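Please read all numbers here as calculations on a predicted model, not as lab measurements.
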Amino acid sequence: MPDMGARHTIGTRRSCQQRDCITVEHYYHIDVFNEVIDFQLGELNTRFPYETVELLSLSSALDPRDAFKRFNSDNICTLAEKFYLLDFTTTELHALNQQLGFYKIDMDNIQAFKNIDSIP
């Protein structure tokens, strides 16, 4: 096990090549760990376009767990407007917003909604 508090040396261990006085822990935490995390984030950003991430984020408003804790009628309306535009008329979108308000009231007051983990 390396001494994480020891000075980290680069190359042939000559002090003239050492630029900064950093510890082994600092080297692995900053220079290695953060580089790997940055690389992985870059990979994820290129694999998942913004629209896909937005779709997943807005869809999380439909999650029934924890008594519909993530329920957000604005997110559901945005989901319908952006991704299901052909499925709703303008009148239906306005009605959807009102119906979601009533649905939220029912979820808060009806005990059957409190213990739902998934929608079959």
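- The hydrophobic cluster containing V53 also contains L44, counting ILVMFWY residues as joined when their side-chain heavy atoms lie under 4.5 angstrom apart, directly or transitively.
- Atom CZ of F48 has 12 or fewer heavy atoms from other residues, nucleotides or ligands within 6.0 Å.
- Contacts of R47 classified as side chain to side chain donor-acceptor pair (under 3.5 Å), with partners at least two apart in sequence or in another chain: none.
- Residue pairs satisfying the side chain to side chain donor-acceptor pair (under 3.5 Å) criterion with at least one member in residues 49-62, sequence neighbours excluded, are listed as follows: E54-K82.
- Not counting sequence neighbours, the partners of T89 by the side chain to side chain contact (heavy atoms under 4.5 Å, CB included) test are T91, E92.
- In this structure, Q98 CD and C77 SG are separated by 11.0 Å, a value rounded to the nearest 0.5 Å.
- Identified under the side chain to side chain donor-acceptor pair (under 3.5 Å) test for residues 34-44, with sequence neighbours left out: none.
- In this structure, the side chains of S73 and N97 come closer than 4.5 Å at one or more pairs of heavy atoms.
- Heavy-atom minimum distance, A80 versus L96: CB-CD2, 3.8 Å.
- A 4.5 Å side-chain heavy-atom check between L62 and I76 finds at least one atom pair inside the cut-off.
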Are L55 and L79 close enough, and set up right, to give a side-chain contact (heavy atoms from CB on, under 4.5 Å), and what steps lead you there? CA-CA 7 Å; L55 175 64; L79 180 69; 3.5 Å; yes
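- Residues I110 and M107 are members of one and the same hydrophobic cluster, defined by side-chain heavy-atom contacts under 4.5 angstrom among Ile, Leu, Val, Met, Phe, Trp and Tyr.
- If you take CG on N72 and CG on L100, they are separated by 9.5 Å, rounding to the nearest 0.5 Å.
- Every residue two or more places apart in sequence or in another chain that forms a side chain to side chain donor-acceptor pair (under 3.5 Å) with D63 is listed here: R65.
- Between F71 and Y103, the ring-plane angle classifies as tilted under the 30° and 60° cut-offs.
- Every side chain to side chain donor-acceptor pair (under 3.5 Å) that D108 has, sequence neighbours left out, goes to K104.
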